[in-house]
Chemist: 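Here it is, the structure in full.
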Protein chains: 2
Amino acid sequence: MNLKELSNLLGLSQTTISRALNGYPEVNEETRARVLRAAEETGYRPNRVARRLATGKVGSLGIVMPITPEQPVDIHFAEFQSGLADECLKHDFHFVIMPAEREQEEQAIRDLVSSGSIDGYYIAYMRERDPRIAMAKSLPLPFIVHGRSANLAEDYPYLDVDNEAAFSEATQHLLDLGHRRFAMLNGPADLDFAQRRRLGIEKALGSRGLSLDPALVSSTVMTDGHGFQHMARFLERKAPPTAVLCASTVLALGAVRAIRQAGLEVGADISLIAHDDDLHLLRPEHFSTPLSTTRSSIRDAGRRVAERLIAAVNGEEIDAQQRELWRAELILRASTATAPA
Amino acid sequence: MNLKELSNLLGLSQTTISRALNGYPEVNEETRARVLRAAEETGYRPNRVARRLATGKVGSLGIVMPITPEQPVDIHFAEFQSGLADECLKHDFHFVIMPAEREQEEQAIRDLVSSGSIDGYYIAYMRERDPRIAMAKSLPLPFIVHGRSANLAEDYPYLDVDNEAAFSEATQHLLDLGHRRFAMLNGPADLDFAQRRRLGIEKALGSRGLSLDPALVSSTVMTDGHGFQHMARFLERKAPPTAVLCASTVLALGAVRAIRQAGLEVGADISLIAHDDDLHLLRPEHFSTPLSTTRSSIRDAGRRVAERLIAAVNGEEIDAQQRELWRAELILRASTATAPA
């Protein structure tokens, strides 16, 4: 039994039936009772089209998926998306993915919003003074920012990890172990999270009168290949680092390979701490030397972003401007040790 | 300048403008020339809404994303999706993802098709005599199957890898190296690709008068954890296998850990061949002992599925019923060697 058949059976319009089932006051009680009885008897369950007719909502969230030739598959994105999907499933929502190159991201959001195919959306891969925030504010649908944008007033709804605190704490721990020569394998230099992570290291070093040597910092998309390439380069220097901070366990995967290939040992010659988004496939405890990490689940972030967006779409958000800053946990395993003499 | 503003400026309906820009014959040449001139002068570029008005197409493909508690993030799915996204971007298409639990997959497809938010879709994670094929044939939109369904006539459009041939060839190679005791870390037993891979091994063994011991076969979702757990179990047996075939490099990741933990060496005590979907993050040549594989890019499959669907949506498909069977390549690296004496 679909809506059309039920409509024929009862001699009522599909809109009336949907409104009756969704509790709209325009439908008189006698009609509503008749519809409910028929729906029960025939086993009819309203589908998404019916819901759309009745509520004007599509039950759909919008995502712009960044496409870069350098990083064909971003596992961090996949992991975030799986959390989002989980939460969408709970609320009977789906989502629309608009692939876009970087310079087309704003247009992609406009297109999504004007297409009528979404009820809300999120923005991610934030940069400094990101123009998408002002744009999103001017558009008619609810949105949330995953991350933040430096040097803009924080007057927009967001969910972020306290990246500066995480990397500051990790650096402090390595300083306490006696390390003085630090390297950093970072994400792209224009992304907000990467800037804050670097700042965290620089502040912690600064508090002990040290600084981060720019020659020992790489800023790249976070692939295994880049981790390998830049770690190998750092190790060729006259005074190689004894401590390395990685913006992702994916970078650490390559870094560990480079360290081993140079005949050095992780957790003895080189201490390493990586940010762990809690990627399902890449468990820090499964590395040949289990990795010390700063951990915050990006899948949980996906879940929470969907939860807040769906609440906003349904008009349930208590404070749509909510600003949420998650703390990462510092977890120590075998990859960190006292600095070599 | 948006469509509405252009419409006001010219005193023409939005539909007429879209039709004019998209070359529809209903618009007379004088009007078309006027619209084109105005579009050029004002820098107007039609967006997706305009295209939808003009062509009746949404520029969108539908995907059902399976959600299982056992496998929160499926990297194979992420990799396929990235190929799909690449191709969508080329053609200015987006895609709609409907998360669904297994028993809701059929309803999810019906909902996608009836929602009006997609022009075509693909079906994946095929099972034997899969009821979704007959259903898809009865629905009004173009579709493609990624994979195949055994024991059904092959009269539907599909793209599949020749899984039986790949695993048969890999087994034959191991037989030629003198191996006689085989194990298999397979995907879920109800999935078509897993059944065909097992069949490939069984046929190759059968041709030498051997058979696959069911106690040395695992059928699970393809995670690192399952690879570890079942390989460890196989190694505890009185006569452990000397050769292992893995349905994914993800399973191999765990299997290699179990083998090393048992004090054995991959490529000496145990030979291993894994199916390699060419996952960006998991390169077989980066394993501590580089892995021999049967390789077929699942990202290329995503690209090709999108290419064929978009062609079908645009009415360009030469043979909409096209059946495409890709051959995997057998690539030998250090994980395969002569059977131990």
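Numbered from 1 within each chain, the chains take letters A, B, ... in sequence-line order.
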Chemist: Counting heavy-atom pairs under 4.5 Å with chain A, which one of B/Ser288, B/Ala85, B/Gly62 comes out on top?
Modeler: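 That would be B/Ala85.
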Chemist: Find the distance between OG (B/Ser115) and NE2 (A/His94) and round it off to the nearest 0.5 Å.
Modeler: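 So the OG of B/Ser115 and the NE2 of A/His94 are separated by 6.0 Å.
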Chemist: How long is the straight-line distance from CG of B/Asp224 back to CZ of A/Arg283, given to the nearest 0.5 Å?
Modeler: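 It comes to 8.5 Å.
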Chemist: Decide yes or no for B/Leu281 and A/Val250: does some side-chain heavy atom of the first lie under 4.5 Å from some side-chain heavy atom of the second?
Modeler: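 Sidechains of A/Val250 and B/Leu281: in contact.
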Chemist: Output all residues satisfying side-chain hydrogen bond (donor to acceptor under 3.5 Å, both in side chains) with A/Thr68, sequence neighbours left out; order by chain, then residue number.
Modeler: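 For A/Thr68 there are no side-chain hydrogen bond (donor to acceptor under 3.5 Å, both in side chains) partners, ignoring immediate neighbours.
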Chemist: With a 4.5 angstrom heavy-atom cut-off, could you sort out which part of B/Ile97 is near chain A: side chain, backbone, both or neither?
Modeler: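 Looking at B/Ile97, backbone and side chain both touch chain A.
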Chemist: Mind listing the closest non-hydrogen atom pair of A/Phe95 and B/Pro99 along with its distance?
Modeler: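 Reported closest heavy-atom pair: CE2-CG, 4.1 Å.
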Chemist: Give, for atom CG of B/Leu84 and atom CE of A/Met65, the distance between the pair rounded to the nearest 0.5 Å.
Modeler: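 One finds 8.5 Å between CG of B/Leu84 and CE of A/Met65.
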Chemist: Tell me the residues of residues 252-263 of chain A whose non-hydrogen atoms fall below 4.5 Å from those of chain B, in number order.
Modeler: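 Interface residues of residues 252-263 of chain A: A/Leu253, A/Arg257, A/Arg260.
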Chemist: Report which part of A/Leu89 has an atom under 4.5 Å of a heavy atom belonging to chain B: side chain, backbone, both, or neither.
Modeler: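 Backbone plus side chain of A/Leu89, per the 4.5 Å heavy-atom cut-off to chain B.
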Chemist: Below 4.5 Å, heavy atoms only, C-beta onward: do A/Ile75 and B/His280 meet side chain to side chain?
Modeler: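 SC-SC contact between A/Ile75 and B/His280 ruled out.
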Chemist: Pick one of side chain, backbone, both or neither for A/Phe228, based on which atoms fall under 4.5 Å of a heavy atom in chain B.
Modeler: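 Interface part for A/Phe228: neither.
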